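These numbers come from a predicted model, not from an experiment. Along the sequence shown, the residues carry numbers beginning at 1.
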Amino acid sequence: LARNEIIHHETMLALAMALAFAAFIVLATLRNITAWLLSLAPAAAFATLTAALTVLLNISLNASMLAGLTAAAGVLIASSMRVADHLSARPGPAAANGMALRAALLPPLALAGAVGPLALSSRPSVAEVGGALALLLLIAALLVVMLVPALARWLDTITGRQPVRLLRR
């Protein structure tokens, strides 16, 4: 029991350091506090939903699941950055070319499509990882589509700025 607790403690420390480093990279890349907040808020919601899903579905957090969750969190942050950069209306390439929503949705949906067939495996542990990761990546895509624009609109209301549309007509 003590060995498992040490392994879980070390894993959580490594994940916390990775998230802190990702937050620093996002801030250095976007150079905008509003876009930074919009990029990292879905990661916090994703961590909460992941914890709830693993408890509700009784999913074991083995090494392959932790690696998949880390990859899903990275894809979520990258997709959120695309949307946040566009919604913060910062002059730059994303604002100039009218970034499409599909550019932010393609990575999590493609990765969900890649791990989804693992759910059909005859091995229960592989099927569990495939199904859970596909579901979590779909949740990540929903967070990008729903949470980031809602937070951007809320921040625009607070600051009195004119909201930016995510989709061009």
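- Note on Ile158 and Leu151: same hydrophobic cluster, where clusters join Ile, Leu, Val, Met, Phe, Trp and Tyr whose side-chain heavy atoms are under 4.5 Å apart, directly or indirectly.
- Among all heavy-atom pairs drawn from Ala104 and Pro107, the shortest one is O-CD, 3.7 Å.
- The side-chain heavy atoms of Leu87 and Pro149, taken from C-beta on, include a pair separated by under 4.5 Å.
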Exercise for review: Evaluate the side-chain contact (heavy atoms from CB on, under 4.5 Å) criterion for residues Trp36 and Ile33: first the C-alpha distance (whole Å), next the side-chain angles of each, then the deciding distance (0.1 Å), finally the verdict.
Suggested key: CA-CA 5 Å; Trp36 180 72; Ile33 282 291; 4.3 Å; yes

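- Hydrophobic clustering of Ile, Leu, Val, Met, Phe, Trp and Tyr side chains at less than 4.5 Å, counting indirect connections, unites Ile139 with Leu57.
- Taking OG1 from Thr50 and CG from Leu135, the interatomic distance works out to 9.5 Å, rounded to the nearest 0.5 Å.
- Counting all heavy atoms, side chain and backbone alike, Pro117 lies closest to Gly113 at CD-O, 3.0 Å.
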Practice item. Decide yes or no on side-chain contact (heavy atoms from CB on, under 4.5 Å) for Leu138 and Leu109, but give the supporting numbers first. Key: CA-CA 7 Å; Leu138 291 175; Leu109 292 180; 3.7 Å; yes

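- One hydrophobic cluster holds both Leu137 and Leu53 under the rule that ILVMFWY side chains link at heavy-atom gaps under 4.5 Å.
- Annotation: side chain of Leu69 is in contact with side chain of Leu133 (closest heavy-atom distance under 4.5 Å).
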Point to revise | From CA spacing to verdict: side-chain contact (heavy atoms from CB on, under 4.5 Å), Leu38, Ser80 | key: CA-CA 7 Å; Leu38 291 175; Ser80 298; over 6 Å; no

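- Side chain of Thr54 to main chain of Ala51: a donor-acceptor pair is present (N/O by atom type, distance under 3.5 Å, no hydrogens or angles).
- Counted within 6.0 Å of CE on Met12, heavy atoms from surrounding residues, nucleotides or ligands total more than 12; the atom is thus considered enclosed.
- The heavy-atom pair separating Val26 from Met81 by the smallest distance is CG2-SD, 3.5 Å.
- Smallest separation of non-hydrogen atoms from Ala84 and Val148: N-CG1, 4.2 Å.
- Distance CG/Asn32 to OG/Ser39: 9.0 Å, rounded to 0.5 Å.
- With contacts defined as side-chain heavy-atom distances shorter than 4.5 Å, the pair Leu147/Leu142 does not qualify.
- Interatomic distance, CG of Leu40 versus CG of Leu27, reported as 8.5 Å (0.5 Å rounding).
- The shortest heavy-atom contact between Leu105 and Ala141 is CD2-O, 3.6 Å.
- Checking each of Val144, Leu136, Ile77 against Phe46 for a side-chain contact (heavy atoms from CB on, under 4.5 Å) leaves exactly one that passes, namely Leu136.
- Residues Met65 and Glu128 share a closest heavy-atom pair of CE-O, 4.5 Å.
- Side-chain contact between Leu15 and Thr70 is present, with at least one heavy-atom pair separated by less than 4.5 Å.
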